[in-house]
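Take a look at the structure set out below.
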Number of protein chains: 2
Amino acid sequence: MSDLLERLRGRGWRMTAQRRVVAEVLDGDGAAHVHLTADEVHARAAGRLPEISRATVYNTLGELVSLGEVIEVATDGRAKRYDPNAHQPHQHLVCSRCGVIRDVHPAGDPLAALPATERFGFTVSDVEVTYRGLCPDCATAA
Amino acid sequence: MSDLLERLRGRGWRMTAQRRVVAEVLDGDGAAHVHLTADEVHARAAGRLPEISRATVYNTLGELVSLGEVIEVATDGRAKRYDPNAHQPHQHLVCSRCGVIRDVHPAGDPLAALPATERFGFTVSDVEVTYRGLCPDCATAA
DNA sequence: TCCTACAATAGACATTGTCTAAGTCAAGAA
DNA sequence: TTCTTGACTTAGACAATGTCTATTGTAGGA
């Protein structure tokens, strides 16, 4: 199965049916493309394991985020979305109309764009870049 | 008073006590620096106009966003924050510990970083850049 | 001053996320 | 294999944020 499960097992993660299902949902089903919300992860997980609770999904997603296996994305102030593609630095292209997210991989380090004089004493460790616009479908519809 | 109120009046915005107070809260009190949440705007507005309702604050903020006078910022998936500095392009420096936001103004157009081959047919109109790290206070505390 | 359409209000409702107490189970020990 | 224990899961209450509706109020023009 997935590298993800192997890595987690190797880190002493206690393997339960619930955690396995959540990890599998994030790992498969094209989840890497759509960046599911917690609720969507729960719905898909419940398809395989009907008695799984919302709290467990939230807990597990939170752990995956702490472990650095998944990135939390807040693109719209509504539900957070979970991006399993955490090991490859990338940015997001978001459609302002339908909300679809597409990963992009521009060259260069975006952190370099912020000179020290503009950091005001902050220890900057991460940059999040989100491009907003219309996806091809929404652009033709409009 | 503010340019903001003048612009709104000029656009046919019906001027009520509630709208005036919300606009003034966003315009003063150092609100431009802290980027208030809707709830904080309501609290400050209620300081001047105790009977103002939450719904009115939400409505007014929503209108200001539609009018392009205020930008909605979703930095953490919790409450949205409202940035009145909409007419000057800028980016945000966010402390991952205490949540404080600081505006920064790097040179250059961040949109230029995304080549056409990485746009996948999207009509990109806007870029949001958020630098995350620790503010000086939180860095020394940690 | 009076009208009317737009705005504000209270409060119910919806969505997303967190917490708690109690029961369950994975995985190492014997 | 069976036992033990602490980590994991569960249901459901709770919290935070945001939206909607029906009713009442009022800005601004006639």
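No experiment lies behind these values; they were computed from the predicted model shown. Quick note: numbers below take in every heavy atom, side chains included, and nothing from hydrogens, waters or symmetry partners. We name chains A, B, ... by the order of the sequence lines, and we start the count at 1 in each one.
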Problem set entry | Minimum side-chain heavy-atom gap A:L49-A:Q18 below 4.5 Å | yes

Problem set entry | Side-chain heavy atoms of A:Q91 within contact of A:P110, under 4.5 Å | yes

Length of the [atom1]-[atom2] vector between [X] and [N], whole Å:
| X | N | atom1 | atom2 | result |
| --- | --- | --- | --- | --- |
| B:D39 | D:dA16 | CG | C1' | 9 Å |
| B:R19 | D:dA27 | CZ | P | 12 Å |
| A:Q18 | D:dA11 | CD | P | 10 Å |

Exercise. In residues 49-58 of chain B, what residues come within less than 4.0 Å of DNA chain D, judged by heavy atoms?
Worked result: B:R54, B:A55, B:Y58

Exercise. Between B:R78 and B:A17, which is nearer to the 5' end of DNA chain D once each is assigned its nearest nucleotide?
Worked result: B:R78

Counting only N and O atoms by type, is there a donor-acceptor contact under 3.5 Å from the side chain of [X] to the main-chain atoms of [Y]?
| X | Y | value |
| --- | --- | --- |
| B:R48 | B:V25 | no |
| B:H42 | B:E40 | no |
| A:R132 | B:E128 | no |

Exercise. Closer to the 5' end of DNA chain C via nearest nucleotide, is it A:K80 or A:M15?
Worked result: A:K80

Exercise. Taking atom CG of A:N85 and atom CG of A:D103, what is their separation to the nearest 0.5 Å?
Worked result: 5.5 Å

Seminar exercise, completed: Distance col, row B:T130:OG1 vs A:D126:CG, nearest 0.5 angstrom, shows 10.0 Å

Problem set entry | Side chains of A:D83 and A:H92, donor plus acceptor under 3.5 Å | yes

When you compare the protein's N or O atoms with those of nucleotides 23-25 of chain D, which come within less than 3.5 Å of each other, and at what distance?
none

For this session: Extract, from 5' to 3' on DNA chain C, the first and final nucleotides lying under 4.0 angstrom from some heavy atom of chain A.
Result: C:dT15 to C:dA27

Problem set entry | A:R44/A:E24 ion pair, N-O < 4.0 Å | no

Problem set entry | From CA spacing to verdict: salt bridge (Lys or Arg N to Asp or Glu O under 4.0 Å), A:R19, A:E63 | CA-CA 10 Å; A:R19 289 177 166 183; A:E63 281 155 19; 3.0 Å; yes

For this session: Determine, step by step, whether A:R102 and B:E118 satisfy the salt bridge (Lys or Arg N to Asp or Glu O under 4.0 Å) criterion, reporting the C-alpha distance in whole Å, the side-chain angles of both residues, the deciding distance to 0.1 Å, and the verdict.
Result: CA-CA 10 Å; A:R102 161 106 213 194; B:E118 280 280 310; over 6 Å; no

